[in-house]
Structures are given as structure tokens and as C-alpha cells.
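Just so it is clear: chains get the letters A, B, ... in the order the sequence lines come, proteins before strands, and each one is counted from 1.
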2 protein chains.
Amino acid sequence: MTSTPPPLDATQLGAYFALIEASSLLKHSVEQQLRDAGDLSYVQFQLLATLGDAPTGSRRMTDLADGVVYSRSGLTYQAQTLEKRGLVTRSQSADDERGVTVTITDEGRAVLAEVFPGHVGLLDDLLFAPLSRADVETLADILGRARDHMRQTPPRSAGARRRKKAGAEN
Amino acid sequence: MTSTPPPLDATQLGAYFALIEASSLLKHSVEQQLRDAGDLSYVQFQLLATLGDAPTGSRRMTDLADGVVYSRSGLTYQAQTLEKRGLVTRSQSADDERGVTVTITDEGRAVLAEVFPGHVGLLDDLLFAPLSRADVETLADILGRARDHMRQTPPRSAGARRRKKAGAEN
DNA sequence: GTCATGTGCTTCGGATTCGAAGCAACTGCC
DNA sequence: GGCAGTTGCTTCGAATCCGAAGCACATGAC
């Protein structure tokens with residue numbers, strides 16, 4: 001109870017902090033650039049980019065939520081915002097009457113195209129500038145593995161078990 | 001066509017996405033664990049951890065804001081919340097009458113101690129499990145360099161009040 | 001067919017965030 | 001001493017986020 005000394009050594013702590021800080025700093029700068037260049041939030045940009053990358057330019061809400069790391073309700077909010085601005089359209093899925101298909105519009109693509117160069121430039125300046133080619137490859141490999149692992153690890157695994165305990169079972 | 005083609009190759013994109021996704025996923029899981037274990041937000045945990053790490057257990061607001069990547073106003077909000085819960089105290093700095101010194105309380109340390117084991121466990125399960133020792137070292141090195149570069153290079157939004165250049169309107 | 005359960009998305013309420021503006025104290029210069 | 005510009009923090013308003021609850025359709029059991 002009183003102890004359980006931290007099983008994290010200095011290197012692990014360093015990696016953890018570096019990951020959090022680097023991503024936070026990068027995200028902040030990117031958000032500012034996106035705001036300036038196209039009045040987009042980071043999520044909105046991610047959504048547009050995802051849609052623009054899709055062959056048909058459209059995806060279902062659930063698939064979008066899976067790709068991005070946001071909550072369903074947050075996604076709804078942003079999709080509404082984007083629709084108001086005419087950057088995407090939302091329509092009922094043909095198959096499933098409940099499903100909503102989001103599609104990027106030409107204007108959406110235009111905004112994307114307008115924002116992209118600056119986005120890339122910022123990444124070059126902030127993230128890639130101090131890294132070698134090999135560093136980038138290594139980074140992609142290591143973080144890719146970490147991400148894949150986290151994606152498939154259920155939230156209630158060894159470390160994070162717990163659910164609301166409501167007395168009876170559910 | 002008229003626009004500059006994206007100077008980002010597949011590897012760079014992979015590294016970028018992996019960084020964002022991995023940190024987002026990790027952050028979400030960690031936030032949930034912190035909420036469950038000690039009713040703390042991620043920022044609050046970072047603040048407590050930073051204070052707990054300081055020799056005297058106290059720091060000035062500005063120093064805290066520098067360490068964490070949050071805005072001044074957000075820091076004020078969280079500090080107030082923590083103070084209400086009795087996890088920190090705030091007092092005027094002796095030197096500078098404007099300055100506010102934040103100090104972690106015994107109760108704050110207790111909450112920290114309670115939350116820490118689960119936090120570490122989660123990191124082990126989610127982040128470090130799929131990585132070798134060498135991976136972690138490499139990660140710390142690469143991301144550490146990236147972070148340091150970002151900290152000193154960019155126009156920071158949080159640092160806000162910039163020096164004005166004499167003789168020109170802004 | 002009908003009911004029970006599951007799934008997809010939205011709505012609702014509350015918490016947290018940020019930037020801009022505001023106040024107070026410090027510093028340098030005269 | 002007094003003024004002007006800086007710096008440290010807070011307040012304010014608006015935007016964004018999430019989880020829980022709700023609604024509507026879908027699917028499976030009977």
C-alpha cells in the first residue's frame with residue numbers, strides 16, 4: 001500500500017515525457033497554423049484529410065471516429081461545424097438507415113489544398129529539421145508498433161481494468 | 001497542379017501520424033486511469049508530479065506553465081481546482097509581489113502516491129510492452145531532440161507577449 | 001409478426017481549454 | 001520621485017471536448 005516503488009527507470013521516463021511534450025508542442029503549433037491558414041481546428045483538418053484520402057471522398061461517421069481518436073459526440077459536433085461551412089455534406093447511408101455518410105465537397109478540398117503546404121512546411125521546420133532520415137524511419141517504426149499495440153489492446157486490460165461497479169452485474 | 005506538391009514522403013507521414021496517434025491514444029487511456037484512481041485530469045497530475053519532484057515542493061506559476069504545455073489561464077484554472085481540493089496551496093512570492101508560489105500539500109502527495117502505481121502500470125502495458133529496451137532509449141533520444149528543437153525554435157503561442165519592434169506598428 | 005437486444009448517431013449538461021483584456025507590481029530611465 | 005514599458009497572474013467569454021442519456025433503425029429469437 002505504502003510503496004510499490006516506481007518501476008520506471010530514467011530512460012523510460014525520458015521517452016514518456018519526450019513523447020508527450022513533443023506531441024503537445026507540435027500539436028499546438030499545428031493548430032495555430034491551421035487556424036491562421038484555413039480557420040480549421042486540428043480535428044477538422046484530420047477529418048477533411050481523411051475524407052480527401054478516401055477514394056470516394058466519403059466515409060461513415062463510425063469509421064471516421066475510429067481513424068481519429070475523438071469521441072462520437074465530438075465527431076458529431078465537428079461534422080456539423082464543417083457542414084455549416086460547406087466543407088462536407090452529410091447524408092443517410094443507403095444500406096443502413098441509421099448510418100450517416102460524410103462526404104467532402106469541392107470547397108472542402110479547396111480549403112485542404114490551401115492549408116496543406118503550410119502544414120507540411122511547419123512539420124519540416126519543427127519535427128523533421130532536427131532529425132536525420134534514419135531517425136524518421138526509426139521513429140515511424142517504433143511509434144507505429146506502439147500505436148498498433150495500443151489500438152488492439154482493450155482498455156480494460158491488465159493495467160486499466162475497472163468499470164463502474166454498480167453493485168449488480170450488467 | 002498549381003500548388004506545390006507535398007514534400008512529405010511516406011516515411012515522414014508515417015512518423016507524423018504514428019506520433020500523433022500514439023500520443024493521443026496514450027493520453028486518453030492515461031486520463032481515464034487518472035480519473036478513476038484519483039479523480040485527476042492529466043494536467044492536474046502533471047502539475048502535482050512537477051511539484052512533487054521539486055526539492056521544496058513548490059514552484060512559481062510561470063515555471064509551471066513553462067514545464068507543462070498549457071496556457072496561463074488554463075493553469076490558473078487548474079491551480080484553483082487543485083487548491084479547492086486541498087492538494088496544493090497558493091501564496092504570494094516573497095520576492096515578487098505579483099508572483100504566486102504553488103506548493104504541494106501532504107494530501108497532494110498522498111493522491112500522487114495513490115495514483116502513481118496504476119499510472120506506471122498502464123505505461124508498461126500500453127507503451128513499453130511492445131518496445132525493446134533499445135527502442136525506448138532510441139525513442140527518448142529522437143523525441144528528446146525534437147522536443148528541444150521545438151521548444152527553442154518556434155513562435156510560441158503560449159509565450160504570447162512578444163517584444164515589440166520599435167518604430168513600427170504591429 | 002413481435003419483442004428484446006444491439007448499433008449508429010445526436011442531444012444534453014458539465015468540464016476544460018484558450019486568447020484577449022484587465023489589474024497590479026516591477027524595472028529602467030529621466 | 002515619477003513615468004513608460006514589461007511581466008505575472010487572473011478574469012471573462014467563447015469554443016471544444018467528453019460521457020451519459022436518448023432516439024431511431026437493425027437484427028435475432030421466438
Side-chain angles (χ1 to χ4, degrees), chain A residues 24-25 27-32 34-36 39-47 59-66 68-85 88 90-102 155 162-164 166 170, chain B residues 24-25 27-32 34-36 39-47 59-66 68-85 88 90-102 155-167 170:
Chain A
S24 291
L25 288 167
K27 209 169 162 186
H28 275 253
S29 293
V30 165
E31 283 203 316
Q32 193 174 344
L34 290 174
R35 192 74 65 188
D36 288 345
D39 201 34
L40 292 177
S41 73
Y42 194 69
V43 209
Q44 293 172 342
F45 173 71
Q46 282 184 301
L47 294 178
R59 297 232 177 157
R60 295 194 16 222
M61 293 287 281
T62 297
D63 297 335
L64 282 175
D66 265 357
V68 189
V69 190
Y70 283 71
S71 67
R72 265 22 188 290
S73 52
L75 183 58
T76 295
Y77 173 76
Q78 290 297 354
Q80 284 173 340
T81 303
L82 286 175
E83 189 181 33
K84 264 179 213 149
R85 287 181 52 187
V88 304
R90 292 190 299 166
S91 57
Q92 242 178 27
S93 295
D95 272 5
D96 193 330
E97 192 118 352
R98 302 166 297 183
V100 170
T101 299
V102 185
R162 104 282 80 36
R163 200 76 183 199
K164 70 174 137 190
N170 191 352
Chain B
S24 291
L25 288 167
K27 207 169 163 186
H28 275 255
S29 292
V30 165
E31 283 201 317
Q32 195 173 344
L34 290 174
R35 192 74 63 187
D36 288 344
D39 200 35
L40 290 177
S41 72
Y42 194 70
V43 209
Q44 292 172 342
F45 172 71
Q46 283 184 299
L47 294 178
R59 296 230 178 161
R60 293 193 16 215
M61 292 287 280
T62 296
D63 297 335
L64 282 175
D66 266 355
V68 189
V69 189
Y70 287 85
S71 65
R72 261 29 186 262
S73 51
L75 183 59
T76 295
Y77 173 77
Q78 289 298 355
Q80 283 174 341
T81 303
L82 287 175
E83 189 180 35
K84 263 178 214 150
R85 287 181 53 188
V88 305
R90 292 191 299 166
S91 57
Q92 241 178 27
S93 295
D95 272 5
D96 192 332
E97 192 117 353
R98 302 167 299 182
V100 170
T101 299
V102 184
R156 318 184 53 224
S157 62
R161 248 176 286 198
R162 300 223 143 282
R163 222 167 272 258
K164 348 180 121 169
K165 315 270 179 155
N170 222 344

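Straight-line distance from the CZ atom of B:Arg90 to the C1' atom of D:dT11: 12 Å, rounded to whole Å. Between the P atom of C:dA15 and the CZ atom of B:Arg85 lies a distance of 13 Å, rounded to the nearest Å. Spacing between atom CG of A:Leu34 and atom P of D:dA15 amounts to 18 Å, rounded to whole angstrom units. Following rounding to the nearest Å, B:Tyr42 (OH) and C:dA15 (C1') show an atom-to-atom distance of 19 Å. When the C1' atom of C:dC9 is taken as reference, atom CG of A:Leu64 falls 13 Å away, rounded to whole Å. Rounding to whole angstrom units, CD of residue A:Gln46 and C1' of D:dT16 are separated by 14 Å. One can place CG of B:Leu75 at 20 Å from P of C:dA15, the figure rounded to the nearest angstrom. Taking atom CG of residue B:Asp66 and atom C1' of nucleotide D:dC9, one finds them 14 Å apart after rounding to whole Å.
Picking from D:dC9, C:dC9, D:dT6 the nucleotide with the shortest atom distance to the side chain of B:Arg98 gives D:dT6. Considering only the side chain of B:Tyr70, C:dC18 comes nearest among D:dG8, C:dC18, D:dC17. Considering only side-chain atoms of A:Gln80, the nucleotide from D:dC18, C:dT11, C:dG8 that sits closest is C:dT11. Candidate nucleotides D:dG19, C:dG19, D:dT10 were compared by shortest atom distance to the side chain of A:Ser71, and D:dG19 ranks first. Side-chain atoms of B:Val43 lie closest to C:dT17 of the nucleotides C:dC9, C:dT17, D:dC9.
Remark: B:Gln78 is in phosphate contact with C:dT17, judged by side-chain N or O atoms under 4.0 Å from OP1 or OP2. Of the side-chain N and O atoms in A:Arg35, none sit less than 4.0 angstrom from OP1 or OP2 of D:dA15. Of the side-chain N and O atoms in A:Arg72, none sit less than 4.0 angstrom from OP1 or OP2 of C:dC12.
For B:Thr101 and B:Ser93, the side-chain atoms include at least one donor-acceptor pair closer than 3.5 Å.
Comparing A:Asp96 and A:Tyr77 against DNA chain C, the residue whose closest nucleotide sits nearer the 5' end is A:Asp96. Taking the nucleotide of DNA chain D with the nearest heavy atom to each of B:Met61 and A:Thr81, the more 5' of the two is matched to B:Met61.
Between the CG atom in B:Leu40 and the CG atom in B:Leu82 there is a gap of 7.0 Å [rounded to 0.5 Å]. Separating the OG atom in B:Ser24 from the CD atom in A:Gln46 is a distance of 7.0 Å, to the nearest 0.5 Å.
On a pure distance criterion of 3.5 Å, a polar donor-acceptor pair joins the side chain of A:Ser73 and the base of D:dG19.
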